[in-house]
Amino acid sequence: MKQIYVSPRVAALRAQSESTKPWLSLERALLVTDAYKEYEGQVSTPELRARTLFHMMKHKELCINPGELIVGEKGHAPQIAPTFPELICHSVEDMQIMDARELISFGVIAEDFEMQEKEIRPYWEKRCMRKKIMESVSPEWKDCYAAGIFTEFMEQRGPGHTVGSEIIYQNGFLDFKEKIADCLSALNYANDPDATAKAEQLRAMDIACDAIIILGERYAALALSMAELEPDAVRGEELRQIAHNCSIVPAHKPQTYWQAIQMYWFVHLCVTSELNPWDAYSPGRLDQHLMPFYEKGIDDGFALELLQCLWIKFNNQPAPPKVGITLKESSTYTDFANINTGGIKPDGSDGVNPVSMLILDCMDSMRLLQPSSNVQISKKTPSYFLKRALEISRKGWGQPAFYNTDAIVQELLNAGKNIDDARRGGASGCVETGAFGLEAYILTGYFNLPKILELTLNNGYDKVSGKQLGLKLGYARDFTDWTQLMDAYKRQVRHFVNIKICGSNIIESLYARYMPVPFLSVITKDCIASGKDYNAGGARYNTSYIQGVGIGTVADSLAAIKHHVFDGKNISMEELAAALEVDFAGCDDMRIKLADEAPKYGNDDDYADNIMYEVFLAYHNSVTDRPNTRGGTYRINMLPTTCHVYFGEVCGASANGRRAGKPLSEGISPTQGADVNGPTAAMLSAAKMDHLRTGGTLLNQKFTPSAVEGEKGLEAMAGLVRAYFAMDGHHVQFNVVDRETLIAAQENPEDYKDLIVRVAGYSDHFRNLSKELQDEIIERTEQAI
Amino acid sequence: MITNIQRYSIYDGPGIRTTVFFKGCPLSCEWCHNPETQSYEGGQSYTPQELARIVLRDQMFFGETGGITISGGEPLAQDMEYMVEFLSFIKSKGIHITCDTCGDVPWENFEVVLPYVDLFLYDIKLATPELHKQYTGRDNQRIITNLNQLIGANCVRLAEVWLRIPVIGGVNDGDEMAKIMAIAPKCKVCLLPYHSMATGKWEKLNKMPTQFCTPSKEKMTQILADWQKAGFDTQIGG
């Protein structure tokens, strides 16, 4: 087993990061409030946002932790979570819940409750985005949202999902300022009716550059003053070097590997402080970005140590606190900064380089939840890289995940990108495909596919919320053949997609108007040139994603109906509907028949898999290529985060034998325990989905440690990955842990504090998961030999 | 007749394989870990085409190294016309074929599958004929003859041969192992430590399984070292 050196410095920083409890901080909220009070109404909205960021960066408390080499925290210390009152203005009760809740809690200091009530709430309560959104969307949107038909990402979080590109290593922010000035002076007020709006936007971008520059200057000054007081000569020299680095970046482009990493981190802090663009920002193809600096000459040990310091920085930043449904759909501290390693270069050649291998060593030695690291595997990826990645994955904590570069490139081409831009892309967040640094690909919310079948069988009426949400297309008994049922299901899907998209278009417009992000716009290609904001369609590509959840549950339910009701005629629709209504009370025989004696998706059985495909296509066709408000289109991906648990809670019993309230299937994985023909059959089934038409799919595979042990086990895992990817599978990730361990960890969480498992597109401490989610992971099919 | 078709089988030859377990075996080893395959009775029947279609489902996963394995029971103690039809179809798809055999079958049965089989996993359990008879019901004369003939150059087409030696505590993990080494032709050797996981299968058949000892890790390491010292490419498992 490869042993990787971890210096005492890194070990101490890691321990600090892991043992510190997350706390809420009102520092940002207060600074934002100050800035708004000073500037709102006097300057344009983009400039207001830029001045707010500048105010924050000029006045926020700085932090250099003992021994660290990369500096900068979002708060005044590690594990401090700022709030975003301009998006959601928390009530005191919200804060009490955050403080008291057992999972994903945030400590709140006593005086902050009062501060929130006195300073923050009076100003933001009526002007925060959440309020604007809820006042603008239709009553039917709100009913569907409340009933769990879909969720809404931008209800508490800014439009996110963008990833950094190479430009921040090739330009300092003084260079960006020059580009902005050039564009400003080139504006044609005589012939361009948008010139004034562009000027406002460009001036805001210019101020945003000043914001990051002042942050760098302040860190340089702090490091220098600390160096002067530092008794330890070695540390003193480090602090002087840090001061020097901060005097180069971010104002100028980085000259060294160390400065390149520091540059990224300053950018990360500004992007995630400006708004909370869920999923959080990530450097994307870090190995390729750092390679030119690595080639200038750096000791491998030090290069690795700097990466480890960066990893700790990611882990020090919990995702912004969430409440309500948003917490349920994404119940984790993870902020989804997903680093892509490997893959290909923009010229199409293999992208694995020495830094890629260092990143794998870093992942392996750090074993941290954040950043969410993955590897991109193309058909050109050498097997030593794949095997090293699998060796780490096999240790059981879920990282790295495996992404199919060739599929991602084709997905991006299919979505209209040119080949050069497509090759610069990758996956971020959980599995979402995007062109890094060129695209605003915004997740808008999860979509509950099984719930729509439930409503289809009940004339569009939702018994849980007691509302007529869907179209009146008949009750279960009215569907006398398969085609009729499927037609009704497809019409209902389209109906709810329409409601979702109407809401999303409103929300996008509100963000474009009230919440421009001039800083993110500076580093996203084409925003400067077009004089348009990232949130208003300024990026080269602008996609809106809706994420489908529960395809396994709905495919199995429909397969059971087709098999038993229409083909076998041994259960009638009336009987089925009656049994579902009472959650199978007194109908155990029928439940077993539906659960165990019907074809199931995940077994390489075309009967069920074709139904999965039909549902997939219906969903795809309802969403894909419809225009959004930013000049782009809506597209789908298939991933759940933790939403399959929440969506399960709002669903009654389903026709695959699933009881009411239980979790749905996750990602595109087969229903928990339904795939009984081993991993090859599960992958063959999953590959029947048309991955290339999506913006990402998520497949979990759980193995017992003995099923993947030894060189043979490693080769077999590599074989599975290569084959699934040859069939255009988008992504696969492995949990290597046995059922007994998970059950023991559930019973004695104290003994398993370090147990990390793969959830869905991210890893988390098992102890941080809800009981329902823990059970769901335990129930996932365990591939043994 | 077939008892089971195992997909993602990674210990029956190289790579990811689909293994077909045929029913019926000339031997009745007391430590057999597939006792349900000893009898020729029962099982599921498929036409060679049906069987081929099923095992080819995982073709995508076979890659350069994987493929299909015929096992059992004894795959060479079946209807050989059927077997040839099945194997020739598989071979025509360019797929690697492994045959897991106890060797105690007429040489002609080897001959007919030789054009198709790429690798034989050839079991050698004991060297002493009397012991062989005691534990498996038959002596090992034909097994040894067939093995030598298979290794010999007079085959139509040279298939690779790996010797598979189940290491059974108290049966062949002492002096007997040295005797096995003495008669073993030079080829790759896989040592398979006995495990008691099949006990449940025996009980399902209403038969009392004989209890054997699992050789200790140290013992296995020692045996491995002995084989390697004697110049054999040897591994534990596989």
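Please read these numbers as outputs of a predicted model, since none were measured by experiment. Here is how names work: the chains are called A, B, and so on, in the same order as the sequence lines, proteins then strands, and each is numbered from 1.
Across all non-hydrogen atoms, the minimal contact from A:Ala726 to B:Met60 is CB-CE, 3.4 Å. In this structure, B:Phe61 and A:Met727 approach most closely via the heavy-atom pair CZ-CE, 3.8 Å. A pairwise comparison of heavy atoms in B:Arg57 and A:Asp604 identifies NE-OD2, 2.6 Å as the closest pair. B:Arg7 approaches A:Asn603 most closely through the heavy-atom pair NH1-O, 4.3 Å.
With a 4.5 Å cut-off on non-hydrogen atoms, A:Ala687 does not touch chain B at all.
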ask   = For A:Arg722 and B:Ile16, what are the C-alpha separation, side-chain angles and deciding distance, and is it a side-chain contact (heavy atoms from CB on, under 4.5 Å)?
value = CA-CA 12 Å; A:Arg722 294 276 193 197; B:Ile16 296 175; over 6 Å; no
query = Taking it one step at a time, do A:Asn677 and B:Tyr8 satisfy side-chain contact (heavy atoms from CB on, under 4.5 Å)?
reply = CA-CA 9 Å; A:Asn677 285 349; B:Tyr8 189 62; over 6 Å; no
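Interface summary for chain B: among A:Gly719, A:Ala716, A:Gly678, the most heavy-atom pairs under 4.5 angstrom belong to A:Ala716.
In this structure, A:Lys712 contributes its side chain and B:Ile10 its backbone to a donor-acceptor pair below 3.5 Å.
More than 12 heavy atoms of other residues, nucleotides or ligands shown are found within 6.0 angstrom of CZ on B:Phe212. When the shell of 6.0 Å around NZ of B:Lys186 is examined, it contains more than 12 heavy atoms from other residues, nucleotides or ligands. Within a 6.0 Å sphere centred on CD of B:Glu41, heavy atoms belonging to other residues, nucleotides or ligands number 12 at most.
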